[in-house]
Each structure stands twice: as structure tokens, then as C-alpha cells.
Amino acid sequence: MLRRVPPSLRRGLLSSASTHYGGAQILNSSHSPSKSLLPQWRRRASVASTSAPPPPRPPSPPRGPSRSGGGGPTVSSLNPAEVAKFAAIAETWWDASGPFKPLHLMNPTRLSFIRSTLCRHFRRDPYSSKPLEGLKVIDVGCGGGILSEPLARMGATVTAIDAVEKNIKIASIHAASDPTTASIEYCCTTAEALVKEKRLFDAVISLEVIEHVANPLEFCESLSALTVPNGATVVSTINRSMRAYATAIVAAEYILRWLPRGTHEWSKLVTPEELSLMLQKASISVEEMAGFVYNPLSGEWSLSEDTGVNYIAFGIKKNETPSTDSIKARLS
Amino acid sequence: MLSRRRCFTAAANRIRPLARAFCDAPAPRADAAPGGAPGSQDRTQEVGGVKAAPDVLDVAIVGGGMVGLAVACALSNMPLTKHLRVAIIDSNPALKSRNHLTKNSIPDSRVSTVTPATISFFKDIGAWEHVQQQRHAFFGKMQVWDYTGLGYTRYNARDVGKEYLGCVVENKVLCNSLLLRFQEELDDIESVIYPTRLVSLTFPSISKQAGMKPTSSEPLSAGHATEELHRSNLVKLDLSDGRTLYSKLVIGADGSKSNVRQIAGIKTTGWNYPQSAIICTVEHVVENDCAWQRFLPSGPIALLPIGNNFSNIVWTMSPEESLRHKSMSPEEFVKSVNHALDFGYGPHPRSSALDHYMEKFFSGIGNTAASTKECFEVPPKATGVVSERMAFPLSLMHSHDYVSKRLALVGDAAHTVHPLAGQGVNLGFGDAAALAKVIAEGVSVGSDVGDLTLLQRYEKDRKAANVAMTAVLDGFQKMYSVDFGPLNVVRAAAFHGAQYISPLKRNIISYAMGDTKWPIFS
Ligand SMILES: Cc1cc2nc3c(=O)[nH]c(=O)nc-3n(C[C@H](O)[C@H](O)[C@H](O)COP(=O)(O)OP(=O)(O)OC[C@H]3O[C@@H](n4cnc5c(N)ncnc54)[C@H](O)[C@@H]3O)c2cc1C
């Protein structure tokens, strides 16, 4: 029945089907997201459900997202409480004046940094409308897809993952409405799971995620493991400075109410030095870093040298012994 | 419902290759079907017995006037936007022209004074060389005075270190130059220009999109899911020839009575001036090299050089007077034009007590502009009216919003101003340049070209400039439509001020030339 649907949409339909048909346990857990959102959490939930009488289940649609590491539950760097916070507001991702307004406002600025660094690194024509054509790019922590879609429009072959299933659903439905973005491969999974699958990408991008993970160093290592030798890794986050506290937490969460309260936790924030060191340990050398500054008068963000609050880093994966996989990936 | 579903399924079989074709090539499009044109029975259209999918575009420009063509031309000229699938929808037969217009004919009465800012925009997009090969008239001098005889001012391009103050070009030459340039950039211009009119627009509705969410327990049919889903997000345009288009972005360039603006429900503020403008072409014995403007009790009259021994007249007056001037004999009309530009309604300005006072007052300032000492001149006499006389009611209109989701308004669709400073279409060209730039910026960062956040950057950029100019011109208009002694003196003093204080005068010229962003008296 679903054979004619393009892959991305099929995934969207499948993941929605899992909500509807995947059993009472899962249906419930989508209302209390903390239980359902990571593959391993889902797995635990379904393990729990086997001990109870199995809920009635319609026969046809297969359940759940197809991609998850084989074997037993993987240890993810994502923290379940964090995941729950985002699921509650996922539906509003695409509302440019909704809670993700700052991301929508900041998005063109983030993309122009990514565009220029990737064009330079991969020697692409910056005046091309599709400069990333032929590059395999992964968006780790894609949310509703506000970064993935522009990357696809720039020509990249995009894989986008998020641990929150609701986000993946929203993202794939949104992307399916435009033939250019319908080719994005959305998966509800984690970077760690893809590492296990030995997936490799020319560019690995993870924006505003590292401040929410349980173990940032392990996270950097996963990003690195997904990057081909000589490939690019781009990470953005919020600095742990007094100014960041004042602007990103107090102003954005409490005064402007841009972000739901509790979105950021002070102790989890990473400084540019810490990020560089962690990436370095994960064999990525940071080549460029830029700050984002917000002009409240114009309501616009711009790139600057000031990494005091929001910043973004571009690094290159060190050339280890190139694996055959990565060579294949680069040739395809 | 049943037949509908069948139609979706059928379409779904082709959706992949089609979608690809849309991405790579200019929208596939068959020529207008002969008699028995297909009804706009949405989704599929019958052309020559073969079902063709409606065209899917990135940018649909409604209105191929000067401003609409300028947007199309600018988009086709920039590396980041030249790949966009653009369509121009306008039934105006002028869009069929593929050659330069002859310079020997009598100039058309509809002309524009293009500013250096507009000229550099035309140069950027490669259209100016076509203007140069057709009729156009640069002028380096401008004289403005009023009927009370108390004040006059002469502007000279030398004051601002420029070669010219502006250039008068027939509207049809501007359109034609843009069209020719656009044609150079395209393999097949015929496939981009739709010689028809817009009948209706349907914007994507939230509920329609909500229907796409697979939240209902009934799984979506495959056909429904693809084609319908792709279009649910686009604006649907129904054309008068029965065709249907879908586009990511619609640009309303359809003039002051903009259909697009009305359908989108965008409100406007404005009022009609109790005035009309009469326009025509007149002939002189000698060539005119100066733009002349005199404020009369009923409104301004302008005499603009248009090349050879021709000039263009834009004369503002009451609607009754305009009807009378339209129907009077050509000889009588020429007489009243010459009268209005000479001793009619009041004396020539001359050295007066006020002049003396002004000279004293400003003598300390120094650094006066070169033309300070230039004497008042009388414009060359018209010897005959050589075109039809047209009368237009004047109005001021400003759109509350220039953009909404998947929509942008440009040119007269967004704002009309009093034509007295010849700024109308220059503001429109400013819109076209700004919108094309914002679209290119959007493409560079992978935005959807119809994205509201993106389009709002265009609105922010242009609204400030347009509102300022609208207010300045409206203020001018108000100031001159009152015939009241003390005010006349103030007005004359303002003229004298402009004549004597060079920095101020430079500002006025710069602003009128489109160089300065913020007006005059700042
Ligand atoms: C008397 C007068 C004198 C002027 N003098 C000057 C001057 O000296 N200098 C100056 O700069 N400006 C002047 N202007 C203003 C200038 O003419 C306008 O600003 C300019 O024409 C606006 O261009 P536009 O492309 O926005 O709209 P228009 O030129 O009005 O073009 C609109 C186009 O849209 C098309 N259209 C409309 N509805 C539809 C539809 N439903 N479907 C498809 N197509 C449609 C029409 O066919 C037309 O081609 C003057 C205006 C007037 C009235």
C-alpha cells in the first residue's frame, strides 16, 4: 500500500503508524514523552509491555523507525529528562514566531557560516545555488528540520536525526511538501546508533545540541566517528559566560519568553576552549570559530568575532588511515 | 470523491520524474490550447489531448509593467537566482516586443524621470545599454519656482559633482529594455511570459496543511500523499485562459489597483488628491535641456526634456480643469501651457526685499553652490502638442504590509505617490532591486523563497524609504495646494533657503536622485 510513497514520506507515515498501531504502551508514552523518546527507552518500554498482556495490535504496518543499533540497548549520550523537555514543544518548531523564533531568526546566519566554511573546505563555487551538491551531510539533532531543509536546498544529500520521535515526524511531514526537501532521510535515532552502523558523512553538523547531552566528550567522539577523514564537523552552542547567562538564559527564557524556562542549564554549557579541546581529543581540529550577535534594534543576528554568548565552530577530521567505506562515500 | 482519488493515483505514478523535471528545467509548458480551452478543473489540464500537470514555479510575477519586469530581469541576472523558475503573467501586448523601438517616432506621453540610483540598477542588471540604444534624454539642470514670484531655485548637477541629475525615458522604452535584457538571459522567453491575466489566487491554508498530517486513523493514499502534498504548500494561481499555476512565491507587480493585494486582503491607507494630472508631449523650436517645474495654485506643472525638440508635460490641476484642458483645441492648450510656464498666475521671481534679506542672512555660511548666482530663466515655448492628452486622477496609497507568507508586493501595488517629483517608478525599481537581493540572500542560505521571515527583510528595507518619500511628496503637495498669503512667504523662504544654503540644497538633490536614504531636513 505504501509502495509508491517516496522514502522520506514513507518513513514519516511509518513513524506515525507506530504511534497509532505500535501498542498502547507506546501510544501512552507519546503523551508522557520521557518514556518513549530514545530507541533504548522505547525498547525498554516494549520489554515492559511483553511482561504485561500484549495489547491488541492491527496486523499490517511495521513498527517504529527502522534504524537503531543492533544488539542490546546502547548507552546514549542523550539525557532522558532533556529529551522530554523538547518533545513538549516540538510541534511549534515551524512556527517562525513561536517558541523557536530565535532559531528561525538565527538560522540564516548559522547557514551562511556553514555555507562559507563548507564551500571553502570542499572547494565549491560560492555563487552556485547548490554548492553542496553531491556532499553527504548529517544534521545531528535536527529538531523540526529547520537546518536540514536549507541544506537540502543547497544541494546536499541530507540525513537528519533526532532522538525525539515527534520531531522526526514533524520534520518529515514538513519536508515532504517540497520535492527538493522530500529527499531528506529523517531517522529517529542517535549519533551513537549510527556510529554502530558505521555510517559516514562528508560533513557532520550538530547545532545547539551539545549543551543538552549528558556527556559532551563522548558526543564529540560520536560526531567525529561519523565524519570521513578530511571531512567537516560543525558544532554550535552557547558559551558558559556571565553574559551568556544573562542573555541566553535570563533574557531568552525568562524575560523575552523566547524559550521555555529550563531549556538551558548553566552547568552544562561549554566554553569555546572546552569545545575545541574536546573536538581535538576526538581528532577534529577546529579551523574556524565565530560568534553570533543579536541586534535588538534590527532584530537580526550577525556573525562576529565575539564568541561570548552563541558561537559556532568548524573543524576538519584528521586524516587517519582512510577506510574503504569513506572512500566509497566520497566517490558516490 | 472517487474520481478524485483515481486522479491522484494516476498522477502519483508520474510524480517522481515530473518532480525532477521541475527541478532541472524551466517549467514544462504547452502553448495555450486552441478553442475549447480546458476549464480550470484543477490539478490536470488537457492540452492537445494529453494530460499535462500544471506548471510549478518558484516565482510567479503578476504584472509585467516596469517594476515586474525589473524583478524578473534582476532574478535572471544573479548567479544565485538565475536557476529559479520564474513566470510573468500579463496580457499586455507590449510584452511581445522583441526589438528596439525606433527613435524617430513621436515620444509617448507616458514617461519617467529615472534617477542615477535607478540607472545604476539598470546597469547592474545589464538593461541600461538597451535604454541607450533607444530614446532617452539626460538633463543636468532643473529649475523649480512658484507662481507667487517670491522664490525660485535652480539645481545643477555640478552642485553634487555629477554629470546629470536624471534622465527622462518613455515608460515603453524602460519596459522594452528590461524585456530585451530578460530575453538575452533566457533560452525561451515565450515559456516564461504568460500572455493572460490573473483571475484568482489561493494561498496555502493552515487547515489544508493540517489535513496533510497523518494524524487521522485512515492512512493516506499514496497519490494523495505526494502531488497533493507538494502543492498544499504552494500558492495556486488561476489564469483567465483556464490554466493553473502553482508557485512558492507570488510577486504582486500589478499596479495601483493590484488584484493580488486585494485577494491577499492587505489593507491600504490612502486618499485621492482632489486633483488630476494631464500628460502629453509637446514640441519646441529648440532642444530643451532642463527639467522645469512650476508650482501653480492648482498644483505643479512640469516640462521634462525627452530628446530632439520634444518635451513631456505633467500638469496637475482639478479634475474639472483637466477635462477642460483635455477637450480644448490644441492651439488653446499650447497657449495655456506657455502661459502656465511663464507669467500665468503670477510674476516671475526677481530680486526682492526678501531676496536681499536672504542673501544677508546666509552670506555668513559661505561655500555656496555654484548655481546660487544662476539667474531665473523662462522655459522654452511649446509650439505644438504632438500627442494625445491623457488625464489621470491622482492618489496617494500605501499598503499596510508589503509581504505575507508566499507574497510580496512591489511598485505601485505597494505604494503610489504624487507624480510631482517623478519618483513613482524609481521607488518601484528600488523595490525590485531590494526584493531580488533578498531572494538571492535566501537562496544562498537555502531558504524557501516564499518564507515570511525572509520576505520581511525586504519589507523592512523598503518601507522606511517609501514612507519617507511618500510623506515628503505629500507634504510638498499640501504645502502648494493652499493659497494663503503668510504660507506663500514661508514657502518662498523655503525656496530661497534651498537656493542659498548649499548643503541643504545638496541634500535635496541627493535625495531626489535616490542617493540618500533619509530625507532632506535631517
Ligand atoms: C500621470 C502620471 C504620471 C506619472 N509620472 C511619473 C514620472 O514622471 N516618473 C515616475 O517615476 N513615475 C511616474 N508615474 C508613476 C509610474 O507610472 C508608476 O509608478 C509605474 O508605472 C508603476 O509601475 P508598476 O510596474 O508598479 O505598475 P504598472 O506600470 O501599473 O504595471 C502594472 C502591470 O500589471 C498588469 N496587470 C494588472 N492587473 C493584472 C492581472 N490581474 N493579471 C495580469 N496582469 C495584470 C498590467 O497590465 C500592467 O502591465 C506617473 C504616474 C501617473 C499616473
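Residue numbering restarts at 1 for every chain, and letters A, B, ... go by the order of the sequence lines. Only heavy atoms go into these numbers, but all of them, side chains included; no hydrogens, no water, no symmetry mates.
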Exercise. Hey, are the side chains of A/S112 and B/V445 touching, using non-hydrogen atoms and a 4.5 Å cut-off?
Worked result: yes
Exercise. By salt bridge (charged side-chain N to carboxylate O under 4.0 Å, His left out), which residues pair with B/D431, not counting sequence neighbours?
Worked result: B/R462
For this session: Compare all side-chain heavy atoms of B/V443 with those of A/M154 and state whether any distance is below 4.5 angstrom.
Result: no
Exercise. Considering only heavy atoms, which portion of A/S128 lies under 4.5 Å from any heavy atom of chain B: side chain, backbone, both, or neither?
Worked result: backbone
Exercise. Between A/R115 (side chain) and B/S444 (backbone), is there a donor-acceptor pair under 3.5 Å?
Worked result: yes
Exercise. Do B/T453 and A/H104 have side-chain atoms, one donor and one acceptor, less than 3.5 Å apart?
Worked result: no
For this session: Would you give the length of the straight line joining atom CG of B/L234 to atom CG of A/D178, rounded to the nearest 0.5 angstrom?
Result: 7.5 Å
Seminar exercise, completed: Output for pair (A/R153 CZ, B/S447 OG), nearest 0.5 Å, gives 7.0 Å
Problem set entry | Test side chain to side chain contact (heavy atoms under 4.5 Å, CB included) applied to A/T180 and B/K248, step by step | CA-CA 12 Å; A/T180 327; B/K248 285 188 183 157; 4.2 Å; yes
Exercise. More than 12 non-hydrogen atoms from neighbouring residues, nucleotides or ligands closer than 6.0 Å to NZ on B/K460, yes or no?
Worked result: yes
Exercise. B/D451 versus chain A, heavy atoms under 4.5 Å apart: side chain, backbone, both or neither?
Worked result: neither
Exercise. At a heavy-atom separation under 4.5 Å, does B/K82 approach chain A through its side chain, its backbone, both, or neither?
Worked result: neither
